[in-house]
2 protein chains.
Amino acid sequence: MSTPRTQAGLASVGSRPLYAQVREQLRQRISTGAWRPGQLIPNEFDLAREMGVSQGTARKALDSLAADGLLVRRQGRGTFVVEHTPSDMLFRFFNLFDTDGKPIGPDSKSAHVVQAKATADERRKLGLGMNENVIRISRVRTREDRPFVVETLILPASRFARLEKLESLPNTLYDHLQKHFGITVARGDERIVPVVAGRRQAKALDVDEGTPLLKLDRLMYDLDGNVIEWRVSYCHLDKAYYGVSLR
Amino acid sequence: MSTPRTQAGLASVGSRPLYAQVREQLRQRISTGAWRPGQLIPNEFDLAREMGVSQGTARKALDSLAADGLLVRRQGRGTFVVEHTPSDMLFRFFNLFDTDGKPIGPDSKSAHVVQAKATADERRKLGLGMNENVIRISRVRTREDRPFVVETLILPASRFARLEKLESLPNTLYDHLQKHFGITVARGDERIVPVVAGRRQAKALDVDEGTPLLKLDRLMYDLDGNVIEWRVSYCHLDKAYYGVSLR
DNA sequence: GAGTGGTCTAGACCACCCT
DNA sequence: GGGTGGTCTAGACCACTCT
């Protein structure tokens with residue numbers, strides 16, 4: 001029992017540390033859906049035994065996944081796969097605040113969903129091949145019953161079958177994707193540019209043409225790094241701002 | 001040696017974990033300047049002995065400080081207090097990228113520095129009392145020799161004596177503050193809003209009035225959480241964007 | 001070769017949560 | 001009371017860096 005040296009139960013590539021190998025195995029169980037959102041996973045001791053490592057090493061892998069937000073650890077209860085609730089997702093990835101610094105919780109006012117053949121831009125952004133289809137969602141989001149964001153969401157149709165048949169689009173799309181398609185939105189990149197309202201945006205947002213707007217252009221990725229969504233939003237920031245934490 | 005129970009050498013408040021207490025002590029050594037930027041600090045074993053904890057506990061505190069960017073650990077060499085280099089600071093806290101996704105490294109074109117009595121706004125933002133002075137810096141930043149950011153920086157004069165006497169303002173202010181005043185800029189909050197260029201901005205940036213600009217309004221904090229700087233920037237994003245990573 | 005941080009193990013006690 | 005994660009310790013070997 002005193003000589004770790006060569007570990008059992010793992011490929012033992014030799015190069016990467018043990019805890020990183022354990023971490024990767026556990027990450028795959030989440031991304032493949034073997035472990036479902038909200039599920040209680042085995043405790044440290046059982047996982048360590050199954051992987052052929054010490055409890056401390058298993059703990060290091062679990063802590064790392066918890067730090068990245070894939071797991072939630074609750075003292076006295078156990079370790080769970082994170083489950084996105086609608087209220088979580090309403091504020092996560094949404095960086096608009098009112099002048100007092102309070103996060104803005106947007107409502108969906110209207111939405112229009114269609115499926116169509118992807119354009120060249122859409123194929124490039126989503127990494128699709130020729131003749132693949134996309135689902136296009138256009139909607140207006142409101143704040144205190146007044147329109148303040150108009151946006152278009154593009155998703156690969158192949159991964160979200162029949163999404164366009166939905167009667168009413170949920171206000172928070174991402175937890176719906178997790179619950180019904182088992183796909184977790186893990187991270188994204190957003191590009192911010194200032195623009196002035198054109199005719200279309202002015203009409204949708206009920207502002208004058210030429211009003212300064214914030215254009216947000218973003219790509220969202222799943223746990224495996226595949227592009228899930230391309231979204232372009234035009235935001236009318238009246239007594240509001242886009243907040244960024246600098247570290 | 002086998003009974004940890006009550007630890008020696010620490011206040012032993014009892015409530016907070018040992019490693020957190022160690023972490024706080026080490027953090028203070030950095031923020032007070034007892035450990036200078038770039039300095040090699042004692043190894044894990046010596047620190048552990050000095051604090052009366054095990055090497056593993058000292059390690060946990062050190063790792064935590066390294067994760068927050070206050071320390072840098074180099075295998076085989078030792079642990080160092082982070083030192084901001086000009087090239088580090090040119091890109092950190094500066095989230096503008098060109099269309100290819102490459103970070104933009106701005107140059108300082110011109111700068112104007114004065115000391116004056118703080119206005120009410122300045123006192124509120126910087127947390128100053130009546131009759132306190134501020135240093136105001138106005139400058140234009142260039143990209144490929146063309147102006148693209150015009151900004152004003154406000155700093156509390158009391159903490160940066162004689163900064164306004166500088167012949168030429170360094171391109172990267174923050175590492176200058178660390179080197180000459182021992183004050184490290186640790187984090188900040190930025191508020192982004194779209195605006196259209198007024199007469200002043202249009203002239204400074206060589207664009208038409210009404211051109212959409214990004215207005216960045218930010219506060220920067222030192223290691224102890226005190227406000228160090230209030231900065232307002234107007235950015236002309238031609239073939240460029242403000243990038244945010246969503247997690 | 002000596003010294004450092006990086007990894008890994010084994011085992012202990014504590015705080016918390018459930019039933 | 002029994003199970004969980006959270007903290008803490010003690011000691012080992014490895015990989016890297018410098019001289």
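In what follows, every chain begins at residue 1, and chains take the letters A, B, ... in the order their sequences are listed.
- Evaluation of the side chain to side chain donor-acceptor pair (under 3.5 Å) rule for A:Arg74 yields no partner, not counting sequence neighbours.
- When the P atom of D:dG6 is taken as reference, atom CZ of B:Arg16 falls 18 Å away, rounded to whole Å.
- A side-chain donor-acceptor contact under 3.5 Å links B:Thr85 and B:Asp88.
- For A:Arg59, whose side chain is taken as the heavy atoms from C-beta onward, the closest listed nucleotide among C:dC8, D:dG6, D:dC8 is D:dG6.
- Salt-bridge annotation for A:Arg187 and A:Asp189: present, with a side-chain N of the basic residue lying under 4.0 Å from a carboxylate O of the acidic one.
- Atom CZ of A:Phe80 is separated from atom P of C:dC17 by 12 Å (rounded to the nearest Å).
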Find every protein N or O atom lying less than 3.5 Å from an N or O atom of nucleotides 2-4 of chain D, and list the pairs.
| residue | atom | partner | partner atom | Å |
| --- | --- | --- | --- | --- |
| D:dG3 | N2 | A:Gly76 | O | 2.9 |
| D:dT4 | OP1 | A:Asn43 | ND2 | 2.7 |
| D:dT4 | OP2 | A:Asn43 | ND2 | 2.9 |
| D:dT4 | O2 | A:Gly76 | N | 3.1 |

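- Across the protein-nucleic acid pair, B:Gln55 atom CD and D:dC13 atom P stand 15 Å apart, rounded to whole Å.
- D:dG5 atom P lies 8 Å from atom CD1 of A:Ile41, rounded to whole Å.
- Looking at B:Glu24 and B:Gln28, their side chains do bring a donor and an acceptor atom within 3.5 Å of each other.
- Classification of A:Arg29 and A:Glu50 as a salt-bridged pair holds, one side-chain N sitting under 4.0 Å from a carboxylate O.
- Minimum atom distance to the side chain of B:Asp63 is reached by C:dG6, of the listed D:dG6, C:dG6, D:dT9.
- Taking 4.0 Å as the cut-off between side-chain N and carboxylate O, A:Asp63 and A:Lys60 do not count as a salt-bridged pair.
- In summary, B:Arg27 and B:Asp224 engage in a salt bridge, as defined by a charged side-chain N under 4.0 Å from a carboxylate O.
- Regarding contacts with the backbone of D:dT9, a side-chain N or O of B:Thr57 is found under 4.0 angstrom from either OP1 or OP2.
- Atom CG in B:Leu47 sits roughly 16 Å away from atom P in D:dC8 (whole-Å rounding).
- Regarding A:Lys60, its NZ atom lies at a distance of 16 Å from the P atom of C:dA10, rounded to whole Å.
- In this structure, A:Met51 atom CE and C:dT9 atom C1' are separated by 17 Å, rounded to whole Å.
- Rounded to whole angstrom, the span from the CZ atom of A:Arg49 across to the C1' atom of C:dG11 amounts to 17 Å.
- Residue A:Tyr19 is classed as a sugar-phosphate contact, given heavy-atom separations below 4.0 Å to backbone atoms only.
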